[in-house]
Every structure is written in C-alpha cells, then in structure tokens.
Colleague: 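Okay, handing you the structure first.
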Amino acid sequence: MSFTRRDFLKGATFTAAGVAMTGILGGCSSAGTANTPATPAADSATNTAPAKSTTWYDEAYFQKPAPIADIAEKIDVDVVVVGAGNGGCIAAVSAADLGGKVAWVEQNAGTITWAGEIAALNSKVAKEKFGVSYSEEEKNMIVNDICRYASYEVDQRLVKLWADHSGRTMDWFVDKMEAKGIHMFLETDTYKSNVYTVLPVTHTVYKGEFIELGPNQMGSQLANPAWVEYAEEMGVKKLFEHTAQQLVQDSGGKVTGIIVQRKSDKAYIQINAAKGVILSTGGYSGNTAMMDALRFRGKDFVANNLGGDGHNGDGIKMALWAGAAIDRNQCGNAFNRAAIDLDHHVGEPFTSGLNDIWWPGSQPWLKVNTRGERFMNEDGPYDFQIYGGVSQPGKFWFQIFDSNYWDDVQAFHTTICSRVVAAKGARNSEVLPGVFPAKSKEEFDGAFMAAALKSGKLKKADTLEDLASQLGIPVGAFAETVKRYNQNAKNGFDADFGKNPAKVRPVAKAPFYGIAVGSWLLCTFNGIKINTNLQAVNEKGDPIEGLYITGNDSGGFFANSYPEYYGGLAHGRTTCFARLAALHAVTGSIYES
C-alpha cells in the first residue's frame with residue numbers, strides 16, 4: 001500500500017509509533033539494596049500517630065547519604081557532564097564547543113555505543129537531500145499524537161520543545177559529523193496501517209558509500225568515537241573510570257559541583273562547576289532494587305534485560321538527594337523479541353544474552369497463549385504486543401508460523417528495527433552481530449533461523465500436533481485455533497480481531513515452527529522532572545539552579561508506553577535536550593547567539 005506523508009497527516013486516524021533505544025550508561029555508583037521503611041511510632045506526648053508520608057515511592061531506599069568529606073583533589077570547571085552515552089557525548093562536546101571548560105565523567109573506560117537512530121523534524125539534510133519537511137500544523141499533530149500515546153500524562157511543552165528544536169540540533173550534529181567524514185541518512189521507507197503509521201523522521205549516521213540494501217555500519221558506534229575525538233581536541237577533561245557519587249550544593253540549594261571517585265585508587269575528587277552539572281547516566285534498567293523502590297510495573301514480566309548492565313539509576317538518586325522531583329508515570333522501552341526456554345521463565349533473574357534474543361519476534365505471525373488460544377491482533381507496535389502478551393497466563397506467548405516464513409516477512413514489511421527484509425529507503429544496517437535485514441531466504445535462515453533452531457528455543461515439526469506437543473500447548477485447542485486462523489486468511493477478513501488481511505498469513509504448509517516469546521527491556525523512561533530549560537525541578541516546579549537532566553534520567557516526555565514507530569524518538573529527545581542543556585548551562589539560553 002503506497003501513501004504519502006501528507007495523505008497520512010490529513011487522515012482521520014493518527015496513531016503514534018517509533019523505536020530506538022538511547023543506550024546511555026552513566027558514570028555512577030553501583031546499586032544498593034532497597035530497604036523497607038519502618039512503621040512510624042506513635043507520638044507519646046499526644047498519643048497520636050505521626051502523619052503518614054504521601055510519597056508514592058520507597059523513601060527509605062532514597063535516603064540521602066552523609067556528605068563525603070575525604071576529598072583528595074579539587075578541580076574547577078564551568079560544566080560537568082556525567083555519562084558517556086549518546087546524551088553525555090552531545091552535552092560534553094556542545095558545552096566545550098560553546099567555549100565552556102568541561103569535565104566529562106564516566107564510570108567505564110570508554111563511551112557507550114548502543115542505538116544510533118535519531119528522530120528529528122525539519123533538519124536541513126531531511127529537507128535538502130531527502131525532500132522531507134513538516135509544516136507547523138503537521139508538527140503539532142505529531143506532538144499531540146505522541147502525547148495521546150501517553151494518555152497526555154506528560155509535559156506537552158517538552159514534546160513540543162523536541163519538535164521545535166530537534167531540526168536545528170540535527171543541523172549542528174550533521175555539520176560536526178561531516179567534518180569527520182561521517183554522513184547522515186534519513187529513513188524514507190515508511191508504512192501505514194489501521195493500527196500504526198511510520199513517518200520519515202529517523203536519522204542515522206554512516207561512513208563511506210551507503211549500500212542501499214546493506215548491511216551498513218551505522219549508528220552510535222560511529223558517532224560516539226567521533227565525539228570523543230572532538231572532546232579531546234577541545235580540551236575536555238576526561239575523567240573516565242571515575243564514578244559519580246554526590247552533588248555539591250551551596251546554602252541556597254544551587255548545585256555547584258559533584259564528587260566523584262577514581263577507580264584506580266578509590267580517591268574522592270570534587271569537581272566545582274561554575275555553570276552547571278549535566279546528568280545523563282541512563283536510567284535504572286539495571287537496578288532491580290530501584291525498580292522495586294519506584295514500583296516499576298514492567299519488572300515482573302521482563303524476560304531479557306540485555307543492555308541493562310550499568311544502568312543503576314545513580315543520576316536519578318543524586319538528583320533526588322538534591323531536592324528534585326521524580327516523574328511518577330511508569331514507562332519503559334521494550335521489544336517483543338525475548339526468546340524464552342520451555343521452562344517459560346519470566347521475571348528475575350533476567351537473562352541478558354544475545355542467544356536469548358529472537359529478532360523476528362516483532363513479525364505479526366499468529367500468536368497463541370499457553371491454552372492454545374489466539375488472543376489479539378498480532379499487527380501493531382511492539383509495546384502493544386507485549387502488553388497483550390504478558391496479560392496471558394505465564395506472562396508470555398507463542399509465535400506460530402509455517403514454511404512460507406520468507407514470503408510472510410516480505411509481505412509483512414515491518415519497519416524501523418523490526419525490519420528483517422532489506423528495502424529501498426531503509427537503513428538496512430546491522431543492529432546486532434549477525435542481525436541485519438535479509439535479501440534472500442538463505443540470508444534470513446543464516447541470520448535468524450539457524451541459531452534459534454540450534455539453541456532449541458525455536459521448535460520445528462512436520463505436523464501441528466507434534467508442534468503443539470513440543471511447545472506444551474493443548475493439541476486440540478491449538479488445532480482449532482489454527483483452523484480458525486486459516487479460515488480468516490482464506491476469507492480475506494479477520495473476523496476475530498480485525499487484523500490487516502494482508503498480515504493474516506495461513507499456517508498450512510509443513511514444516512511448522514513455534515517459539516515462546518516475551519519482553520526484552522531496553523531502558524526505563526520515568527526520571528527526574530525537568531523544565532523547558534532542561535533544569536531539574538522540585539515538587540513545586542521550581543528549578544534547581546545548576547542542575548540539568550537529560551536522556552533516560554529525565555522524565556515528563558514518555559508515559560505508560562513508548563511511541564515505538566517514531567523511529568529514534570528516545571535518542572532524538574536525548575540528542576536534542578543534551579544540546580539544549582549545554583546551551584543553557586554555558587550561555588543562559590537554549591538558543592544559539
């Protein structure tokens with residue numbers, strides 16, 4: 001089905017979507033153990049119980065530690081940036097590029113390179129090279145669509161901030177990358193259905209000649225090393241393998257610096273920041289104790305947590321200790337691509353290996369539960385599919401398909417990172433080692449099928465009865481479900497759940513395949529509340545001077561679910577806001593002079 005961007009924007013249904021994870025790890029301490037708050041004792045003088053706390057999270061877990069006094073060294077700079085993921089790279093180089101004296105703190109030895117897709121509107125490269133632009137009316141429709149996805153439990157001003165300023169941020173980004181011989185691509189391979197729509201907003205860097213059907217090397221693995229080169233050229237003081245511990249505040253509450261601990265000798269260093277501290281440490285997806293303390297709703301149905309290592313929530317904790325407020329709205333970015341062993345284990349302890357990833361999990365094949373029943377429209381954003389699946393017994397589901405799988409995935413034409421078939425106008429990049437959009441059945445088998453079959457997670461059978469037995473599904477119910485599904489395919493209409501008829505592909509030709517699938521958590525999104533200057537704010541909404549929050553440490557932009565099909569929106573928010581935070585810290589304004 002072909003369509004234009006304007007056809008879509010003029011349509012009656014405008015459904016949010018987009019995916020890309022902002023893979024940010026911070027220079028922060030490891031997680032502690034959550035504590036259970038003690039029950040308050042009654043006041044003996046009045047014989048009345050003390051007022052109960054109205055705080056929704058576990059206050060005891062976030063108890064402020066005693067100030068660190070054993071300072072071995074002091075450093076004076078204008079700006080401190082904590083974290084060397086996508087946001088930290090942008091913030092550090094931006095602050096130095098604006099003339100600031102910068103210290104850059106990271107707990108690891110190098111930058112973190114994970115995702116590299118960046119959503120932006122009206123960049124020069126999009127307009128001039130790819131012919132894509134958005135009017136003010138269209139931008140506002142996009143902003144409202146993103147907010148609708150979150151039930152408007154977000155700060156719409158922040159979403160509008162991204163829509164208005166992501167283009168000029170991308171222009172700065174592109175100029176910097178071009179100077180290093182790195183170019184920018186805009187994904188124009190789009191899709192529209194009655195459930196979701198993909199718009200051309202996703203920017204990704206590449207080097208050398210772009211191979212249209214790929215695979216190409218793209219993303220932050222190219223950009224972040226270039227940012228390190230810039231930082232070194234600009235004289236940024238890198239304190240990698242240093243762990244951020246506590247913020248420093250003056251008597252009025254202004255953040256004036258930070259204390260970090262050097263890994264080599266455990267010495268504490270105080271970095272005084274005349275203009276501000278920018279925290280970009282990556283959220284708390286690697287800290288299950290903090291998930292408990294913040295009542296993270298997705299914890300109990302996570303199957304795989306690849307990418308959570310080092311995301312300990314320390315930037316959020318330091319900001320809370322400084323008086324900042326945290327966004328209550330629960331949101332995490334997840335993929336429906338976790339392959340589950342037949343022990344059907346979901347929840348702690350999470351797996352975290354590449355062998356536990358089934359990339360075709362986002363393909364809209366038939367889905368059944370442990371009772372052998374179909375339970376939803378399989379065609380939709382990843383997060384919607386996850387929520388439908390984890391509401392079933394065991395908090396997982398089975399994906400079922402037949403030997404026509406190569407024809408199926410070509411017909412499905414999924415986009416963004418769920419794409420498994422190479423297409424013109426697409427990035428067609430390698431997203432994980434050996435995982436890339438295939439140009440043939442042989443490539444698909446090599447990239448996806450072989451490993452899953454070898455691991456034993458993907459089951460293969462000559463009959464539906466044998467497949468059901470291998471998966472532990474009731475044979476009779478499963479056979480009836482497949483029969484009904486195939487009849488829907490034959491009729492060209494999904495009478496049960498209204499799935500796009502083009503996506504209702506019959507399960508009829510042996511051999512048959514099935515795999516247990518669950519949720520793969522990428523990152524958390526509820527963080528510190530911020531204003532449109534990217535400053536942390538307290539419960540009254542007043543800014544905490546000298547403290548800036550970006551990336552997954554910040555809240556207010558996402559809630560409840562992540563708009564998966566605005567490709568690169570998480571990274572786009574991080575890129576834009578990291579740049580604006582540095583601008584405000586150094587110059588007092590988010591606008592270039």
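By convention here, the first residue in the shown sequence is residue 1.
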Colleague: To the closest 0.5 Å, what do you measure between OG1 (Thr190) and CD1 (Ile416)?
Modeller: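 It is 9.5 Å, given to the nearest 0.5 Å.
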Colleague: Angle between ring planes, Phe210 versus Phe185, binned at 30° and 60°: parallel, tilted or perpendicular?
Modeller: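 Phe210 vs Phe185 ring planes: parallel.
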Colleague: Please check this pair: side chain of Asn216 against backbone of Arg427, looking for a donor-acceptor N/O pair closer than 3.5 Å.
Modeller: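 At least one qualifying donor-acceptor pair exists.
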Colleague: Taking all non-hydrogen atoms of both residues, which atom of Ile544 and which atom of Gly323 are closest, and how far apart?
Modeller: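 Closest approach of Ile544 to Gly323: CD1-C, 3.5 Å.
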Colleague: Applying side-chain contact (heavy atoms from CB on, under 4.5 Å), run through Asp189 and Arg419 and close with a yes or a no.
Modeller: CA-CA 10 Å; Asp189 177 45; Arg419 181 185 289 105; 2.8 Å; yes
Colleague: Does CZ belonging to Arg157 count more than 12 external heavy atoms closer than 6.0 Å?
Modeller: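 No, the 6.0 Å shell around CZ holds no more than 12 heavy atoms from other groups.
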Colleague: Using a 6.0 Å cut-off, check whether atom NZ of Lys207 has over 12 heavy atoms from anything other than its own residue.
Modeller: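 Not more than 12 within 6.0 Å, no.
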Colleague: So that I know where these two stand, are His165 and Phe577 an aromatic pair - ring centroids less than 6.0 Å apart?
Modeller: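 Judged by ring-centre distance (under 6.0 Å), His165 and Phe577 do not meet the cut-off.
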Colleague: Side chain of Glu153, backbone of Asn560: donor and acceptor closer than 3.5 Å?
Modeller: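 Side chain of Glu153 to backbone of Asn560, a donor-acceptor pair under 3.5 Å: no, none is there.
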Colleague: Has Glu106 got a side-chain atom pairing as donor or acceptor with Asn108's backbone, closer than 3.5 angstrom?
Modeller: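 Confirmed, Glu106 side chain pairs with Asn108 backbone.
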Colleague: Assess whether atom NZ of Lys180 is packed by more than 12 heavy atoms of other residues, nucleotides or ligands within 6.0 Å.
Modeller: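 Yes.
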Colleague: Rounded at 0.5 Å granularity, tell me how far CG in Leu583 sits from CG in Leu534.
Modeller: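 These two atoms lie 9.5 Å from each other.
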Colleague: Salt bridge or not for Arg168 and Asp171, using N-O below 4.0 Å?
Modeller: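 No, Arg168 and Asp171 are not salt-bridged.
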Colleague: Counting N and O atoms only, with roles assigned by atom type, does the side chain of Asn428 sit under 3.5 Å from a partner on the main chain of Glu212, one being a donor and the other an acceptor?
Modeller: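 Judged by distance alone, yes, a pair lies under 3.5 Å.
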Colleague: Report yes if the side chains of Met177 and Leu222 come closer than 4.5 Å at any heavy-atom pair, otherwise no.
Modeller: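 In short, these two side chains do not touch, never coming nearer than 4.5 Å.
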Colleague: Looking at side-chain heavy atoms only, is the closest gap between Ile530 and Phe557 below 4.5 Å?
Modeller: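 They are not in side-chain contact.
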Colleague: Looking at every heavy atom in both Gly283 and Ile316, which two are closest together, and how far apart are they?
Modeller: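 That closest heavy-atom pairing would be CA-CD1, 4.3 Å.
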Colleague: Do the non-hydrogen side-chain atoms of Asn287 and Phe296 ever get within less than 4.5 Å of each other?
Modeller: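 Asn287 vs Phe296: side chains apart.
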Colleague: From the options Arg262, Gln261, Lys263, select the one residue that forms a side chain to side chain donor-acceptor pair (under 3.5 Å) with Asp265.
Modeller: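 Passing option: Arg262.
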Colleague: Under 6.0 Å between ring centres, would you say that holds for Tyr548 and His584?
Modeller: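 Yes: the rings meet the under 6.0 Å criterion.
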Colleague: Flag the pair Glu592 / Thr587 as yes when at least one side-chain heavy-atom distance between them is below 4.5 Å, and no otherwise.
Modeller: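 Glu592 vs Thr587: side chains apart.
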Colleague: Given side chains that start at C-beta, do those of Val228 and Glu232 come closer than 4.5 Å, heavy atoms only?
Modeller: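 Yes. Closest side-chain heavy atoms under 4.5 Å.
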Colleague: Tell me whether Thr243 contacts the main-chain N or O of Gln107 through its side chain, where contact means a donor paired with an acceptor under 3.5 Å.
Modeller: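 Side chain of Thr243 to backbone of Gln107, a donor-acceptor pair under 3.5 Å: no, none is there.
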Colleague: To the nearest 0.5 angstrom, please state how far the OG atom of Ser561 sits from the CD1 atom of Ile386.
Modeller: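 Here the rounded value is 8.0 Å.
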Colleague: Do the side chain of His242 and the main chain of Val105 share a donor and acceptor less than 3.5 angstrom apart?
Modeller: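 Checked: no pair found.
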Colleague: Could you measure the distance from the CG atom of Asn312 to the NZ atom of Lys317? Nearest 0.5 Å is fine.
Modeller: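 Answer for the CG-NZ pair, Asn312 versus Lys317, is 7.0 Å.
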Colleague: For residues Ala109 and Phe240, report the shortest heavy-atom separation together with the two atoms involved.
Modeller: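 Minimum heavy-atom separation between Ala109 and Phe240: O-CD2, 3.5 Å.
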Colleague: Any heavy-atom pair between the side chains of Val586 and Asp78 that's under 4.5 Å?
Modeller: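 Counting from C-beta outward, Asp78 and Val586 never come under 4.5 Å.
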Colleague: Would you call Lys540 and Asp542 a salt bridge, taking side-chain N to carboxylate O under 4.0 Å as the test?
Modeller: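 Result for this pair is no, no salt bridge flagged.
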Colleague: For a quick check under 3.5 Å, do Asn272 and Asp76 share a side-chain donor-acceptor pair by atom type?
Modeller: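 Distance-only check passes for Asn272 and Asp76.
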Colleague: Nearest 0.5 angstrom please: His183 NE2 to Glu209 CD, how far?
Modeller: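 One finds 10.0 Å between NE2 of His183 and CD of Glu209.
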Colleague: Kindly determine whether Val80 and Val260 satisfy side-chain contact (heavy atoms from CB on, under 4.5 Å), including the steps that lead there.
Modeller: CA-CA 11 Å; Val80 178; Val260 304; over 6 Å; no
Colleague: Does Asp145 use its side chain to pair, donor to acceptor, with the backbone of Met141 at less than 3.5 Å?
Modeller: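 Checking the backbone N and O of Met141 against the side chain of Asp145, no donor-acceptor pair under 3.5 Å is found.
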Colleague: Are the aromatic ring centres of Phe436 and Trp359 under 6.0 angstrom apart?
Modeller: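 No; Trp359 has its ring centre 6.0 Å or more from that of Phe436.
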Colleague: Looking at Ala119 and Ser166, what are the two nearest heavy atoms and their distance?
Modeller: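 Where Ala119 meets Ser166 most closely, the heavy atoms are O-CB, 4.3 Å.
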Colleague: Where does the angle between the aromatic ring planes of Tyr562 and Phe525 fall among parallel (under 30°), tilted (30 to 60°) and perpendicular (over 60°)?
Modeller: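 Tyr562 and Phe525: tilted rings.
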Colleague: Of all heavy-atom pairs between Gln246 and Pro67, which one has the smallest distance, and what is that distance?
Modeller: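 It is OE1-CA, 3.4 Å.
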Colleague: Any donor and acceptor pair, going by atom type alone, linking the side chain of Asn122 with main-chain N or O of Tyr134 inside 3.5 Å?
Modeller: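 Checked: pair present.
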Colleague: How long is the straight-line distance from OG of Ser280 back to CD1 of Ile549, given to the nearest 0.5 Å?
Modeller: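 Taking CD1 in Ile549 and OG in Ser280, the distance rounds to 9.0 Å.
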Colleague: Within the supplied structure, the quantity of interest is the number of heavy atoms (other residues, nucleotides, ligands) at a distance under 6.0 Å from Lys139 NZ; does it exceed 12?
Modeller: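 It does: Lys139 NZ has more than 12 such atoms within range.
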Colleague: Does any non-hydrogen side-chain atom of Leu294 lie less than 4.5 Å from one of Tyr284?
Modeller: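 The answer is yes; the side chains approach within 4.5 Å.
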Colleague: With a 4.5 Å limit on heavy-atom distance, are the side chains of Ile146 and Trp162 in contact?
Modeller: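 The answer is yes; the side chains approach within 4.5 Å.
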Colleague: Evaluate the criterion side-chain contact (heavy atoms from CB on, under 4.5 Å) for residue pair Asp58 and Asp292; output intermediate values, then yes/no.
Modeller: CA-CA 8 Å; Asp58 182 353; Asp292 289 334; over 6 Å; no
Colleague: If you count the non-hydrogen atoms of other residues, nucleotides and ligands that lie under 6.0 Å from NZ in Lys129, is the total more than 12?
Modeller: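 Above 12, so yes.
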Colleague: Give the minimum heavy-atom separation between Ala334 and Ser519, together with the two atoms involved.
Modeller: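 Closest heavy-atom pair between Ala334 and Ser519: CB-OG, 3.6 Å.
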Colleague: Should the heavy atoms of other residues, nucleotides or ligands under 6.0 Å from NZ of Lys238 be counted, would the total exceed 12?
Modeller: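 Atom NZ in Lys238 is packed in, count exceeds 12.
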Colleague: Is it possible for you to check whether Arg337 lies under 6.0 Å from the centre of the six-membered ring of Tyr382, through NZ or CZ, and within 45° of that ring's axis?
Modeller: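 Verdict for Tyr382: a cation-pi partner in Arg337.
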Colleague: Applying side-chain contact (heavy atoms from CB on, under 4.5 Å) to Met170 and Met184, what does each step give before you reach the verdict?
Modeller: CA-CA 10 Å; Met170 181 57 62; Met184 186 64 71; 3.6 Å; yes
Colleague: Is Asp553 reaching over with its side chain to a backbone N or O of Gly527, donor-acceptor style, under 3.5 angstrom?
Modeller: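 No; judged by distance alone, with no hydrogens or angles, the pair does not exist.
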Colleague: Checking Lys275 side chain against Ala585 main chain: does a donor-acceptor pair fall under 3.5 Å?
Modeller: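 No: the side chain of Lys275 does not pair with the backbone of Ala585.
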Colleague: Using a cut-off of 6.0 Å, state whether more than 12 heavy atoms not belonging to Glu233 lie near its atom CD.
Modeller: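 Check passes, neighbour count above 12.
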